[in-house]
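Inspection log for the structure reproduced underneath, given as structure tokens.
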Number of protein chains: 2
Amino acid sequence: MIDDMDRDTGEACMRHLTAFCPTYHRAIELIGRRWTGAILRAMLSGEARFSEIAAAVPGLSDRLLSERLKELEAEGIVRRTVVPSTPVRVDYALTDMGLALNEVIVAVSHWAEHWLAPTDERANLPKR
Amino acid sequence: MIDDMDRDTGEACMRHLTAFCPTYHRAIELIGRRWTGAILRAMLSGEARFSEIAAAVPGLSDRLLSERLKELEAEGIVRRTVVPSTPVRVDYALTDMGLALNEVIVAVSHWAEHWLAPTDERANLPKR
DNA sequence: TCAAGTAGCTTACGATAAGTAATTTTCAGA
DNA sequence: TCTGAAAATTACTTATCGTAAGCTACTTGA
């Protein structure tokens with residue numbers, strides 16, 4: 001269903017902002033999937049193992065982490081390495097493509113700091 | 001279920017990248033929802049009316065556009081104005097908070113241009 | 001004046017994705 | 001042999017999405 005947007009004339013929808021850009025769209029739908037942004041941030045901050053990432057992202061289940069890592073690997077953003085030690089270890093690392101997402105994460109962090117900052121009354125809501 | 005992340009100690013998870021940052025997390029899950037990134041881009045490029053946005057984002061249905069706009073309005077990113085002309089018009093505009101997302105959209109576009117550009121052989125992959 | 005059309009939604013419902021929990025596999029160490 | 005941890009996977013429930021249709025208020029055109 002997303003198919004009809006994948007024909008990209010190419011080149012910059014960026015030279016001036018067009019209303020719709022297939023390349024941008026693929027990117028935002030990819031990194032915007034649930035949990036993916038949090039996983040990428042954890043990895044950029046240095047987490048490399050399955051259980052480290054899981055521990056760094058509260059609320060994220062094994063099932064979804066596994067699924068998201070597979071997707072990111074398929075996209076070329078993450079590289080999975082099995083270290084044949086005993087016990088076997090699995091390391092996840094960002095590829096260059098993944099590392100380049102740092103700028104996006106920083107831009108989001110920046111916006112979030114400024115506009116969703118915890119001085120926000122939400123932070124003080126009753127909340128169980 | 002996202003509740004237990006909302007207790008934000010505040011201040012920058014940004015001074016050095018922490019593995020998890022509740023503020024960042026709210027932001028990325030908010031703007032990363034399906035279609036939201038595309039809607040924001042369309043609005044940043046000037047589209048202001050319901051039908052203009054709908055036309056600018058192929059594949060997006062009225063139902064979801066309506067839902068997303070309501071969410072964005074509730075978050076303070078979009079302002080809805082009913083112009084009492086005949087026929088009544090509804091204009092949507094980005095607030096300052098919404099306009100500030102321009103930097104995020106540009107960062108994503110930039111990354112997308114570089115890493116997902118249409119010359120990419122991925123364009124012909126079977127697709128997930 | 002009456003049928004058809006447009007903008008901006010809303011409702012209904014089946015399909016897909018996400019959440020929760022339990023289970024699996026492989027090895028190490030006690 | 002039993003326990004435990006890591007990295008999944010399977011089974012099942014619930015939430016979100018996609019598709020289609022309907023609705024209301026107004027306009028246009030015949």
Side-chain angles (χ1 to χ4, degrees), chain A residues 1-6 19 25-26 28-40 42-43 47-75 78-93 128, chain B residues 1-6 19 25-26 28-39 42-43 47-75 78-93 127-128:
Chain A
M1 187 261 161
I2 259 167
D3 294 342
D4 54 348
M5 335 184 170
D6 271 4
H25 196 257
R26 277 215 294 137
I28 194 88
E29 294 291 313
L30 170 65
I31 70 185
R33 301 196 73 177
R34 213 164 209 164
W35 301 111
T36 301
I39 292 167
L40 290 172
M43 296 188 72
E47 311 300 342
R49 309 203 34 203
F50 188 92
S51 51
E52 286 172 351
I53 302 169
V57 185
L60 172 59
S61 68
D62 285 1
R63 193 179 78 71
L64 273 236
L65 175 52
S66 176
E67 201 168 302
R68 287 293 106 95
L69 285 170
K70 245 180 254 169
E71 289 167 8
L72 292 172
E73 197 191 353
E75 293 287 343
V78 159
R79 184 174 28 247
R80 190 185 121 109
T81 316
V82 178
V83 183
S85 61
T86 50
V88 183
R89 275 187 17 196
V90 182
D91 280 341
Y92 291 93
R128 71 212 194 74
Chain B
M1 187 263 161
I2 257 167
D3 293 342
D4 53 348
M5 332 184 173
D6 269 6
H25 196 257
R26 277 214 295 138
I28 194 89
E29 294 292 312
L30 171 64
I31 71 185
R33 301 197 71 177
R34 212 164 209 164
W35 301 110
T36 301
I39 292 167
M43 296 188 72
E47 310 300 340
R49 309 212 23 210
F50 188 92
S51 51
E52 286 174 350
I53 301 169
V57 184
L60 171 59
S61 67
D62 286 1
R63 191 179 79 71
L64 273 237
L65 176 52
S66 175
E67 204 168 300
R68 288 293 109 95
L69 285 171
K70 246 179 253 170
E71 290 166 9
L72 291 172
E73 197 191 352
E75 293 287 341
V78 160
R79 184 174 28 245
R80 190 185 118 113
T81 317
V82 178
V83 182
S85 60
T86 50
V88 183
R89 275 186 17 196
V90 181
D91 280 341
Y92 290 93
K127 181 150 306 166
R128 317 216 299 106

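Quick note on labels: first sequence line is chain A, next is B, and so on, each numbered from 1.
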List, with names and distances, any nitrogen or oxygen atoms from the protein found under 3.5 Å away from nitrogen or oxygen atoms belonging to nucleotides 21-29 of chain D.
none

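- For I31(B), the side-chain contact (heavy atoms from CB on, under 4.5 Å) partners two or more places apart in sequence, or in a different chain, are V108(A), L40(B), L101(B), V104(B).
- Residues satisfying the salt bridge (charged side-chain N to carboxylate O under 4.0 Å, His left out) test with E52(A), not counting sequence neighbours, are none.
- Look at W35(B) and you won't find any side-chain N or O under 4.0 angstrom from OP1 or OP2 of dC17(D).
- At the phosphate of dA6(D), neither OP1 nor OP2 sits under 4.0 Å from any side-chain N or O atom of Y92(A).
- One finds a side-chain N or O of S66(B) lying less than 4.0 angstrom from the OP1 or OP2 phosphate oxygen of dT10(C).
- One can place CG of L65(B) at 14 Å from C1' of dC17(D), the figure rounded to the nearest angstrom.
- Across the protein-nucleic acid pair, E52(A) atom CD and dA6(D) atom C1' stand 12 Å apart, rounded to whole Å.
- Atom P of nucleotide dA7(C) and atom CG of L69(B) are separated by 16 Å, given to the nearest angstrom.
- With sequence neighbours excluded, no residue forms a salt bridge (charged side-chain N to carboxylate O under 4.0 Å, His left out) with R79(B).
- Under the side chain to side chain donor-acceptor pair (under 3.5 Å) criterion, D91(B) pairs with R89(B), not counting sequence neighbours.
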Got a list of protein N/O to nucleotides 10-16 of chain D N/O distances below 3.5 Å?
none

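- Using a 4.0 Å cut-off, some side-chain N or O of K70(A) falls inside it from OP1 or OP2 of dT9(D).
- Every residue meeting the salt bridge (charged side-chain N to carboxylate O under 4.0 Å, His left out) condition with R63(A), not counting sequence neighbours, appears here in chain and number order: E67(A).
- For the pair L64(B) and V90(A), nearest-nucleotide mapping onto DNA chain D gives the more 5' position to V90(A).
- Applying the side-chain contact (heavy atoms from CB on, under 4.5 Å) rule to R33(B) yields the partners T36(B), R68(B), E71(B); only residues at least two apart in sequence or on another chain are considered.
- For dA5(D), the OP1/OP2 oxygens have no side-chain nitrogen or oxygen of S51(A) closer than 4.0 Å.
- Listed for the E29(B) side chain is no donor-acceptor partner under 3.5 Å among the backbone atoms of R34(A).
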